There are 2 protein chains.
Amino acid sequence: MSDDHVELNTTGDAKSEAPRRRRTGGRDRTRSAAATRIEQPAFAQVRRRFPATPVVSDDEIEAIHDASLDVLEQVGMDVLDTDARTLLVDAGATADGERLRFDREMITELIRTCPAEFTIHARNPAHNVRIGGDNVVFTAVASPPNVGDTAGGRRTGNRADFQNLVRLSHHLNTVHMHAGYPVEPADIHPSVRHLHATYDLLTLSDKAVNVYSLGRQRNQDCLEMIRIARGVPDAQLDDEPSAHTIINTSSPLRLDIPMCQGIMEFAARNQVVIVTPFTLAGAMAPVTVAGAVTQQNAEALVGMALTQVVRAGSPVVYGGFTSNVDMRSGSPAFGTPEFIKSAMLGGQLARRYKVPYRSSNVNAANAVDAQAGYESAFSLWGAVMGGANIVFHGAGWLEGGLRASPEKMVLDADLLGMMQTLLEPVGVTPDDLALEAIADVGPGGHFFGTQHTQDRYKTAFYSPLVSDWRNFESWEEAGSPTAHEKTTELVPRLLAEYEQPDMDESILAELTEFVSRRVEAGGVATDF
Amino acid sequence: MSDDHVELNTTGDAKSEAPRRRRTGGRDRTRSAAATRIEQPAFAQVRRRFPATPVVSDDEIEAIHDASLDVLEQVGMDVLDTDARTLLVDAGATADGERLRFDREMITELIRTCPAEFTIHARNPAHNVRIGGDNVVFTAVASPPNVGDTAGGRRTGNRADFQNLVRLSHHLNTVHMHAGYPVEPADIHPSVRHLHATYDLLTLSDKAVNVYSLGRQRNQDCLEMIRIARGVPDAQLDDEPSAHTIINTSSPLRLDIPMCQGIMEFAARNQVVIVTPFTLAGAMAPVTVAGAVTQQNAEALVGMALTQVVRAGSPVVYGGFTSNVDMRSGSPAFGTPEFIKSAMLGGQLARRYKVPYRSSNVNAANAVDAQAGYESAFSLWGAVMGGANIVFHGAGWLEGGLRASPEKMVLDADLLGMMQTLLEPVGVTPDDLALEAIADVGPGGHFFGTQHTQDRYKTAFYSPLVSDWRNFESWEEAGSPTAHEKTTELVPRLLAEYEQPDMDESILAELTEFVSRRVEAGGVATDF
């Protein structure tokens with residue numbers, strides 16, 4: 001890692017904003033290093049070109065839809081924020097204290113204005129992402145409290161690791177968007193954490209970002225920083241969704257105050273709300289897949305409806321995150337058959353409502369081992385086949401979300417690269433069909449040396465980051481490296497390759513000034 | 001492992017048939033051990049209840065189909081066996097030495113009689129498997145020359161390991177059928193290997209078996225042993241497919257003598273022929289996916305046509321095994337995006353021809369690591385979503401098929417269990433929808449203690465063999481076991497649980513007598 005483009009902040013004194021030197025000369029260094037750069041697929045807008053998998057019949061989806069409307073009519077949902085309650089009651093809900101009940105027609109009418117597709121704008125337009133339809137967007141991991149790698153072991157999230165994970169997810173082309181903080185920078189005081197962390201996200205990367213809905217002021221601060229970073233006026237930000245926020249209901253059937261405020265702030269500014277109930281079957285939701293998804297759907301519908309009450313047509317995403325608990329330990333499990341069935345059901349429901357769908361790449365492994373590999377692969381396939389438009393936690397999640405792992409991030413980037421390649425169309429032109437090459441080679445021949453092969457072999461196949469395809473003897477001679485060891489070796493190389501994206505001097509100054517001012521003002525008051 | 005039911009043959013003197021004692025008292029021991037038995041899903045006929053994934057359009061499939069018929073008309077295929085050539089010429093092919101060319105109508109007419117569905121009979125009818133339609137059958141690994149595990153390292157295939165792998169694949173319920181020798185028992189002389197190995201398969205297991213097409217006599221010997229083991233007359237064997245054989249074309253565009261004989265022997269007896277060209281893109285086939293699959297299809301069509309010339313209506317399976325080579329090392333790669341695209345294309349072609357489809361669970365990993373996990377998971381998903389009716393090498397394959405691994409077999413059994421569970425229907429009854437439970441618990445409550453949960457929690461979720469869902473602290477206290485280490489611990493426990501299936505005394509005597517007689521006669525003459 002060379003000093004001129006990687007600045008670690010390991011002091012833990014994260015309340016003071018360390019000034020950042022603008023990178024220069026990136027392009028020249030790129031050229032000279034090109035020969036040894038790690039090969040990656042290009043950043044791309046991925047599309048699923050075949051139908052999503054219906055895991056149940058249309059009738060069965062209607063049964064789940066109907067049951068969730070029954071829940072909203074008969075049981076209702078606790079909405080803890082007064083303003084949100086008022087808005088929903090004005091739109092037709094019936095209040096009984098904090099409990100709101102919703103007429104089925106009211107809900108289905110309200111969500112009719114949800115847009116089917118929209119773009120999330122990054123500060124670098126080349127990194128804009130299209131959400132909805134058959135588009136598939138992969139994100140980095142978000143929100144683990146811990147971070148860990150082979151060299152440093154498992155530790156509490158901190159700004160230095162946060163920054164490195166931002167750098168890594170910026171540098172990995174198959175990570176299309178940030179999903180939040182790739183690890184919680186717990187050494188930054190919560191009153192100003194959103195300011196420093198968002199500054200890092202916006203300056204160390206130019207991919208689209210997430211804002212945590214932790215109260216109105218934080219939402220407003222972050223949206224202002226994103227506006228500054230994009231260099232656009234307020235009106236343009238309101239025209240162009242440029243950030244997303246996750247709304248986790250407090251399952252079962254509760255929407256708390258920060259989440260209500262997040263919906264209201266984001267919908268009002270035409271920014272992206274991803275409503276994602278965390279309905280663990282057997283814990284915060286019924287033990288049956290259909291029951292857990294029924295409750296998920298009820299909660300998602302209320303969140304989606306509230307966005308449309310605030311601003312009809314504002315962008316919203318249906319998030320599915322139903323999984324099951326390990327009934328032996330009570331721990332949540334991920335990448336399980338029940339998780340995947342739920343993910344596919346969520347996709348069917350989202351398509352029924354014509355809204356984009358979010359699922360996740362998750363696992364419950366404690367190491368970057370075979371379990372991490374297959375649980376992630378199962379989740380990823382379930383998400384993509386289930387019609388997910390956004391695959392959250394696409395790269396770097398371990399331990400059921402309790403640990404971010406740069407090594408797992410690299411491993412996942414390879415899985416995402418494989419999936420991205422798999423989703424590219426199969427060429428079926430006469431050249432692809434290769435009749436001439438087959439005739440030239442003929443029975444018993446060999447294709448290695450043919451012109452058809454020579455013309456194409458360099459780009460014909462996906463070139464993996466991690467997978468080791470050497471024969472056993474060569475692999476053993478090289479020290480029998482496991483895939484985990486390969487990622488351990490790749491992380492520092494990728495970080496050394498990372499280049500901080502350019503930012504206009506005046507924008508950087510404005511952003512720095514905003515953060516300094518807000519930090520001086522104490523950020524957002526906390527009672528600790 | 002208790003002596004009374006596990007008999008190892010580690011002498012290497014495999015030409016002499018060691019007499020086998022019949023197991024007794026299995027049922028009593030089962031009962032007493034029940035408390036500590038490792039939980040497994042039940043043996044089941046798995047069905048894919050949603051449409052297979054079309055990776056290209058119908059028009060594009062027609063283009064591949066047409067191109068492969070162009071290959072057969074213009075280039076043709078070398079058929080090395082005189083009898084097979086005569087049969088095909090009589091059916092309309094044009095001969096030019098060993099080269100046959102085929103009219104497109106001839107081929108498409110001939111394959112019209114291939115049955116869409118059939119049953120493969122095991123000697124235990126409870127282990128019969130249905131092939132075709134939306135049925136999915138998982139097999140054990142077949143044919144690696146080496147075997148390896150943590151304790152013993154990597155070694156040449158031998159009968160002791162062969163037997164243990166047969167026991168393991170018999171005991172694992174998600175392995176529905178054998179696929180061949182789970183490792184090559186190289187310490188048995190090739191002249192009699194098929195006799196001893198088939199004896200082991202038929203006595204150590206009662207699941208359906210494979211026969212290697214290595215010349216007419218071996219095919220006949222093995223079919224006779226299978227007939228004896230099933231205890232049925234010749235005519236019943238001819239009515240009830242009871243064995244399958246793999247026909248690998250010698251790509252490009254060659255069908256060698258043993259393969260021709262295998263097709264002729266098996267089709268004549270109404271046994272199952274699985275035609276599987278091994279078309280490595282960039283080596284034995286064009287470097288493009290569509291080109292490699294075009295060639296695969298041409299070769300598969302000739303094999304399929306020959307089965308129908310021999311006996312119209314005899315059971316045949318379209319096998320897809322197109323993958324790509326690592327262009328850096330020349331090694332074959334597996335579980336790659338190109339492998340999966342090809343697997344899905346093969347499925348689309350098989351459905352076009354209304355024949356069952358075979359794909360595989362493969363990887364190129366040298367260790368039971370994350371790569372082994374994700375490449376296998378990708379292959380398995382590609383196979384199932386691509387409409388495979390038989391997933392070959394379902395459990396135990398490592399190193400691109402060069403090593404069988406009992407540890408990987410256990411890991412794969414877990415992947416197969418996850419997939420089997422995923423393919424079970426989602427219950428959407430009123431009970432599953434859980435409206436009452438949701439109403440009872442209400443906003444802010446918890447489902448752990450409810451009756452709805454209590455009634456269902458024991459069977460609600462897939463219970464994994466390998467996945468470790470403990471939290472980090474408990475996992476670390478237990479010594480931080482990786483998934484690989486977990487499988488290392490599971491293999492001897494599963495082998496200790498294994499019980500040799502009963503076989504009628506008179507059948508065992510007849511089988512033993514047949515093998516002794518054929519071994520005494522020298523088996524099949526070899527020149528070494």
Side-chain angles (χ1 to χ4, degrees), chain A residues 50 53-54 56 60 63 67 71 75 78 253-254 282 286-291 294-295 324 326-327 331 333 337-338 340-341 364 366-374 377 381 399 418 421-422 426 428 432-435 437-439 443-444 453 456-457 460-462 467 469 471-472 475 482-483, chain B residues 50 53-54 56 60 63 67 71 75 78 253-254 282 286-291 294-295 324 326-327 331 333 337-338 340-341 364 366-374 377 381 399 418 421-422 426 428 432-435 437-439 443-444 453 456-457 460-462 467 469 471-472 475 482-483:
Chain A
F50 38 75
T53 301
V56 299
E60 289 168 323
V71 169
V75 185
D78 284 358
L253 298 171
R254 261 179 146 161
V287 74
T288 49
V289 165
T294 294
Q295 185 187 305
N324 54 299
D326 175 6
M327 281 303 190
S331 305
E338 293 76 27
I340 294 159
K341 283 180 177 178
N366 285 299
V368 185
D369 64 354
Q371 179 185 342
Y374 67 72
W381 272 85
E399 251 187 58
M418 288 167 70
T421 307
L422 179 57
V426 179
V428 193
D432 296 317
L433 290 168
L435 270 180
I438 295 173
T453 303
R456 290 165 183 80
Y457 80 93
F461 309 134
Y462 176 66
S467 281
W469 292 338
N471 65 29
F472 180 79
W475 174 80
T482 63
Chain B
F50 38 76
T53 302
V56 299
E60 288 168 325
V71 169
V75 186
D78 284 358
L253 298 171
R254 260 179 148 162
V287 75
T288 48
V289 166
T294 294
Q295 186 187 306
N324 55 299
D326 174 8
M327 281 304 192
S331 303
E338 293 76 26
I340 294 160
K341 283 180 176 177
N366 284 300
V368 185
D369 63 354
Q371 179 184 343
Y374 68 71
W381 273 84
E399 251 187 57
M418 288 168 69
T421 307
L422 179 58
V426 179
V428 194
D432 295 317
L433 291 167
L435 270 180
I438 295 174
T453 304
R456 290 166 183 78
Y457 80 93
F461 309 134
Y462 175 66
S467 281
W469 292 339
N471 64 29
F472 179 78
W475 174 79
T482 63

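Proteins get letters first, then strands, A, B, ... in listed order; numbering begins at 1 in each. For the numbers below, each heavy atom of this structure counts, side chains included, while hydrogens, waters and symmetry mates do not. If you're wondering where the values come from, they're calculated on a predicted model, not measured in any experiment.
- With a threshold of 4.5 angstrom between heavy atoms, B/A372 does not approach chain A through any atom at all.
- Under the 4.5 Å side-chain criterion, counting only non-hydrogen atoms from C-beta, B/E60 is not in contact with A/V426.
- Among the candidates A/A67, A/S331, A/A367, the residue making the largest number of heavy-atom pairs closer than 4.5 Å to chain B is A/A67.
- When heavy atoms are compared at a cutoff of 4.5 Å, B/V71 approaches chain A by way of both its backbone and its side chain.
- Both the backbone and the side chain of B/V287 come within contact range of chain A, with heavy atoms under 4.5 Å apart.
- Inter-residue side-chain proximity for A/V75 and B/P443 is flagged as met; some heavy-atom pair is nearer than 4.5 Å.
- Smallest separation of non-hydrogen atoms from B/I438 and A/G291: CD1-O, 3.9 Å.
- Chosen from A/A434, A/P54, A/A437, the residue pairing most often with chain B at heavy-atom distances under 4.5 Å is A/P54.
- Here the CD-CH2 distance, from B/Q371 to A/W469, works out to 8.5 Å after rounding to the nearest 0.5 Å.
- Panel note: side chain A/D369, backbone B/A483; a donor-acceptor pair is recorded below 3.5 Å.
- Here the closest non-hydrogen pair linking B/F461 and A/E338 is CA-OE2, 3.3 Å.
- Most heavy-atom pairs under 4.5 Å with chain A: of the set B/A377, B/G282, B/A63, this distinction falls to B/G282.
- Contact annotation: the side chain of A/D432 never approaches that of B/V289 to less than 4.5 Å [non-hydrogen atoms, C-beta and beyond].
- Chain B forms the most heavy-atom pairs under 4.5 Å with one residue out of A/M418, A/R254, A/R456, and that residue is A/M418.
- With a 4.5 angstrom heavy-atom cutoff, B/L433 touches chain A via backbone and side-chain atoms both.
- Listed options B/A364, B/A333, B/P337 were ranked by heavy-atom pairs under 4.5 angstrom with chain A; first place goes to B/P337.
- Both the backbone and the side chain of B/T482 come within contact range of chain A, with heavy atoms under 4.5 Å apart.
- Proximity to chain B is limited to the side chain of A/T53, based on heavy atoms less than 4.5 angstrom apart.
- Proximity to chain A (any heavy atom under 4.5 Å) is shown, for B/Q295, by both the backbone and the side chain.
- Side-chain atoms of B/W381 and A/I340, non-hydrogen and from C-beta on, do get closer than 4.5 Å to each other.
- Looking at heavy atoms from C-beta onward, B/N471 lies out of side-chain contact with A/N366 at the 4.5 angstrom threshold.
- Ranked by heavy-atom pairs shorter than 4.5 Å toward chain B, the options A/P286, A/A439, A/A460, A/G373 are led by A/P286.
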